[in-house]
Amino acid sequence: MKELAKEGWNYSLSENDSGELLFTVVSGSVGLYEISLLLTADEIDRYKKEGNTYLANLANEIRTHEPDFASRKIA
């Protein structure tokens with residue numbers, strides 16, 4: 001895996017061997033845990049246009065509305 005972007009205690013973005021972009025978000029309050037998912041084509045386009053600002057916003061969206069992303073979680 002190749003790390004493309006990272007903001008400590010917030011998120012990391014990596015590219016796997018298949019070229020897919022794996023986005024991992026740090027979540028929780030008392031106990032911290034990670035939420036990992038593959039970016040969609042639309043999310044990749046927005047990342048290319050908006051950069052790390054988009055990733056920070058997406059990380060916040062995932063933390064705030066975690067159930068909306070449940071079907072995309074990677075164990």
Side-chain angles (χ1 to χ4, degrees):
M1 279 243 212
K2 177 182 172 187
E3 188 171 82
L4 303 176
K6 183 175 185 174
E7 185 177 304
W9 299 103
N10 192 8
Y11 66 82
S12 65
L13 179 66
S14 301
E15 183 176 6
N16 66 19
D17 294 336
S18 302
E20 298 169 309
L21 298 186
L22 179 67
F23 191 55
T24 301
V25 177
V26 177
S27 191
S29 56
V30 175
L32 296 178
Y33 60 97
E34 293 181 338
I35 304 165
S36 296
L37 51 86
L38 295 175
L39 292 186
T40 65
D42 289 339
E43 290 166 343
I44 292 169
D45 286 343
R46 287 197 61 191
Y47 166 60
K48 288 179 180 177
K49 291 177 188 169
E50 301 173 38
N52 291 354
T53 300
Y54 173 68
L55 295 180
N57 291 334
L58 180 59
N60 188 53
E61 182 73 15
I62 291 169
R63 271 191 298 275
T64 305
H65 303 285
E66 187 175 342
D68 295 343
F69 295 88
S71 65
R72 296 176 52 195
K73 282 185 185 178
I74 297 173

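Note that the structure is a prediction, hence the values are computed from the model and not measured.
- The two residues S14 and E3 make their nearest non-hydrogen contact at OG-CA, 3.9 Å.
- Rounded to the nearest 0.5 Å, atoms NZ (K6) and CG (N52) are 13.0 Å apart.
- For the ring-ring contact (aromatic ring centres under 6.0 Å, His included) condition, no pair includes a residue of residues 32-53, sequence neighbours left out.
- Interatomic distance, CD of E50 versus CG of L55, reported as 9.5 Å (0.5 Å rounding).
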Does the side chain to side chain donor-acceptor pair (under 3.5 Å) test come out yes or no for R63 and N10, once each step is laid out? CA-CA 10 Å; R63 271 191 298 275; N10 192 8; 2.8 Å; yes

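- Residues F23 and I35 have side chains not in contact (no heavy-atom distance under 4.5 Å, counting atoms from C-beta outward).
- Rounding to the nearest 0.5 Å places CD of E34 at 12.5 Å from CD1 of I74.
- Atom CG of D68 has more than 12 heavy atoms from other residues, nucleotides or ligands within 6.0 Å.
- Contact annotation: the side chain of L37 approaches that of I62 to within less than 4.5 Å [non-hydrogen atoms, C-beta and beyond].
- The main-chain N or O of T40 is found under 3.5 Å from a side-chain atom of E43 such that the two form a donor-acceptor pair.
- When all heavy atoms of T24 and S36 are compared, the closest pair comes out as OG1-OG, 2.9 Å.
- A continuous path of hydrophobic side-chain contacts links Y11 to L4 [ILVMFWY only; heavy atoms under 4.5 Å].
- Using modelled atom types, one side-chain atom of N16 and one backbone atom of G19 make a donor-acceptor pair closer than 3.5 Å.
- When atom types are taken as modelled, the side chain of R72 and the backbone of L38 share a donor-acceptor pair closer than 3.5 angstrom.
- Considering OH of Y54 and NZ of K49, their distance stands at 11.0 Å, rounded to 0.5 Å.
- Atom CG of L21 is separated from atom NZ of K2 by 10.5 Å, given to the nearest 0.5 angstrom.
- To the nearest 0.5 Å, atom CE of residue M1 and atom CG of residue L13 are 10.0 Å apart.
- Heavy atoms of other residues, nucleotides or ligands lying less than 6.0 angstrom from NZ of K73 number more than 12.
- Cluster annotation: F69 is connected to V25 through the hydrophobic network of ILVMFWY side chains, with a link wherever side-chain heavy atoms come within less than 4.5 Å.
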